[in-house]
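In this text, all values refer to a predicted model and were calculated from it rather than measured experimentally. We name chains A, B, ... by the order of the sequence lines, and we start the count at 1 in each one.
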There are 2 protein chains.
Amino acid sequence: MAIHQQLLQQKLSEKGLKATPQRIAILDAIYTLNNHPTAEQITDFVRAAHPTISIGTIYKTLDTFVKKNVIHKVSTPDEVMRYDGILTPHHHLYHTDSNVITDYVNEELDELLKTFFEKHAIEGYEINSVKLNIYGNSNEHPK
Amino acid sequence: MAIHQQLLQQKLSEKGLKATPQRIAILDAIYTLNNHPTAEQITDFVRAAHPTISIGTIYKTLDTFVKKNVIHKVSTPDEVMRYDGILTPHHHLYHTDSNVITDYVNEELDELLKTFFEKHAIEGYEINSVKLNIYGNSNEHPK
DNA sequence: GTCTCTGCAAACGTTTTGCAAGTAG
DNA sequence: CTACTTGCAAAACGTTTGCAGAGAC
């Protein structure tokens, strides 16, 4: 278990959730896998330590976590849901070629957007949050 | 048929696609329904004129259209794919309460974003496009 | 002891597939 | 005429559900 169990247990109790071994393992999986894992990736990870955990439990637990605001659900261009353990506001970089999603945080950008939408209110619409989806590719190893 | 058939036919031929009645009807449906219809909504619309069209055909056709860049596929917070006949760049307003998605176009915003990302290149990453997801609700009829 | 959670298996809705027959170019 | 498209049915896929037994508090 990569993250100290007490911390995970505490996190669950804080939200009024029973700290079962399965839940601790699932939360650990999300934090350890870190990069927006799918339910399947979480299952694979958790099964290493809990071979008998069922998919139903995984989904129910993830659902509970989302409802209790322990994690977020992220929709992706392909039709699989992903889960995100990072709750501070951030944008997403979609790596089109590798299907990887990384986080993008930039306060200056957020400030810019905030100012823009204060000046340009959308008629009849109240903005709750603004998230950028940035599509592109790694250019680390150009051909 | 809401949109003149010749135009639809032409649009298909341009992309090297055979202009079958089914394809014309599906394209018409997307343009007529207009606001990011689901495959189901498209099917319902098309069945009014083509009662025997099969769901398989709808999906295959939509897929072909996306591949040939006749339409775009839009992923949504709930797990249904939607299709978009408007190919000019635009952002999306997610109406959380009603599940409606409307378009948001603002050149000043796009200019702002372009300038921002020119100044703040993301290391190792080449941006292809930037799309805003704006979440919120209508405040037209406040309680 | 109570109330919630787990595991299992069945069901669900959406999307994909394989194939034979049909049709646009 | 030929290659692509259609319709159909079956199946794949990710996810949800119901229920009986197990476990956290």
Side-chain angles (χ1 to χ4, degrees), chain A residues 5-6 8-29 36-47 49-68 70-71 73-83 99, chain B residues 5-6 8-27 29-30 36-44 46-47 49-68 70-83 99:
Chain A
Q5 177 155 350
Q6 270 78 33
L8 298 169
Q9 230 169 80
Q10 190 193 328
K11 201 145 189 129
L12 292 172
S13 307
E14 270 172 19
K15 303 278 182 171
L17 293 169
K18 287 190 183 170
T20 66
Q22 292 88 338
R23 286 182 170 174
I24 292 168
I26 291 170
L27 195 53
D28 181 40
H36 318 93
T38 62
E40 199 190 349
Q41 293 171 327
I42 294 167
T43 306
D44 288 349
F45 185 95
V46 171
R47 286 235 166 114
H50 289 255
T52 64
I53 198 169
S54 81
I55 302 163
T57 301
I58 302 266
Y59 277 105
K60 277 179 206 163
T61 304
L62 290 172
D63 215 50
T64 307
F65 284 180
V66 171
K67 281 209 189 85
K68 295 275 183 174
V70 180
I71 61 173
K73 212 174 180 176
V74 184
S75 57
T76 68
D78 35 79
E79 54 235 77
V80 196
M81 286 298 162
R82 291 174 175 274
Y83 297 88
N99 241 13
Chain B
Q5 177 154 350
Q6 271 79 32
L8 298 169
Q9 229 168 81
Q10 191 192 329
K11 200 143 190 135
L12 293 172
S13 308
E14 272 171 17
K15 303 277 181 170
L17 293 169
K18 287 189 184 172
T20 66
Q22 292 89 337
R23 286 182 171 172
I24 292 168
I26 291 170
L27 195 53
I30 295 165
H36 318 95
T38 61
E40 200 191 348
Q41 293 171 326
I42 294 167
T43 306
D44 289 348
V46 171
R47 287 239 166 110
H50 290 254
T52 64
I53 199 170
S54 82
I55 302 162
T57 301
I58 303 265
Y59 279 104
K60 278 180 207 161
T61 304
L62 290 171
D63 214 50
T64 308
F65 284 180
V66 171
K67 280 209 190 85
K68 295 276 182 172
V70 180
I71 62 174
H72 284 161
K73 212 174 181 174
V74 185
S75 57
T76 68
D78 35 82
E79 53 234 76
V80 196
M81 285 299 163
R82 292 174 174 274
Y83 297 88
N99 243 12

### Query
Can you check side chain to side chain contact (heavy atoms under 4.5 Å, CB included) on B/Ile30 and B/Val70, steps first, answer last?
CA-CA 11 Å; B/Ile30 295 165; B/Val70 180; over 6 Å; no
Tabulate atom names and distances for all N/O pairs under 3.5 angstrom spanning the protein and nucleotides 11-14 of chain D.
none

### Query
Between B/Ser54 and D/dT6, is there a side-chain N or O to OP1/OP2 distance below 4.0 Å?
no
### Message
At less than 4.0 Å, is any side-chain N or O atom of A/Gln22 found next to OP1 or OP2 of C/dG7? Yes or no.
### Response
yes
### Task
Give one of base, sugar-phosphate or nothing for A/Thr61, where a contact means two heavy atoms less than 4.0 Å apart.
sugar-phosphate
#### Entry: Sugar-phosphate, base or nothing in reach of A/Thr52, heavy atoms under 4.0 Å
sugar-phosphate
For [X] and [N], give me the distance from atom [atom1] to atom [atom2], rounded to whole Å.
{"X": "B/Asp63", "N": "D/dT5", "atom1": "CG", "atom2": "P", "result": "12 Å"}
{"X": "A/Gln41", "N": "D/dT15", "atom1": "CD", "atom2": "C1'", "result": "16 Å"}
{"X": "A/His50", "N": "C/dC5", "atom1": "NE2", "atom2": "P", "result": "17 Å"}
{"X": "A/Leu17", "N": "C/dT6", "atom1": "CG", "atom2": "C1'", "result": "15 Å"}
{"X": "B/Gln10", "N": "C/dG25", "atom1": "CD", "atom2": "P", "result": "13 Å"}
{"X": "B/Arg47", "N": "D/dC8", "atom1": "CZ", "atom2": "C1'", "result": "11 Å"}
{"X": "A/Ile55", "N": "C/dG7", "atom1": "CD1", "atom2": "C1'", "result": "11 Å"}
{"X": "B/Arg82", "N": "C/dT14", "atom1": "CZ", "atom2": "C1'", "result": "13 Å"}

### Task
Please report the C-alpha distance between A/Thr64 and A/Arg23 in whole Å, then the side-chain angles of each, then the deciding distance to 0.1 Å, and finally whether the side chain to side chain contact (heavy atoms under 4.5 Å, CB included) criterion is met.
CA-CA 10 Å; A/Thr64 307; A/Arg23 286 182 170 174; 4.2 Å; yes
Restricting to non-hydrogen atoms, name the atom on [X] and the atom on [Y] that form the minimum distance, rounded to 0.1 Å.
{"X": "B/Ala19", "Y": "B/Gln9", "answer": "CB-CG, 3.5 Å"}
{"X": "A/Arg82", "Y": "A/Asn99", "answer": "NH2-O, 4.1 Å"}
{"X": "B/Val80", "Y": "B/Thr76", "answer": "O-OG1, 3.0 Å"}

Distance (rounded to the nearest 0.5 Å) between [X] [atom1] and [Y] [atom2]:
{"X": "A/Ile42", "Y": "A/Ile71", "atom1": "CD1", "atom2": "CD1", "result": "6.5 Å"}
{"X": "B/Leu27", "Y": "B/Thr61", "atom1": "CG", "atom2": "OG1", "result": "10.5 Å"}
{"X": "B/His50", "Y": "B/Ile26", "atom1": "NE2", "atom2": "CD1", "result": "9.0 Å"}

Between the protein and nucleotides 18-23 of chain D, which nitrogen or oxygen pairs come in under 3.5 angstrom?
{"from": "D/dG18", "atom 1": "O6", "to": "A/Lys60", "atom 2": "NZ", "distance (Å)": "2.6"}

### Task
Check side chain to side chain donor-acceptor pair (under 3.5 Å) between B/Glu79 and all other residues, then give those that pass, not counting sequence neighbours.
none
### Task
Please figure out whether A/Thr57 or B/Tyr83 has its closest DNA chain C nucleotide nearer the 5' end.
A/Thr57
### Task
Name the closest nucleotide to the A/Lys73 side chain, picking from C/dT6, D/dT6, D/dT16.
D/dT16
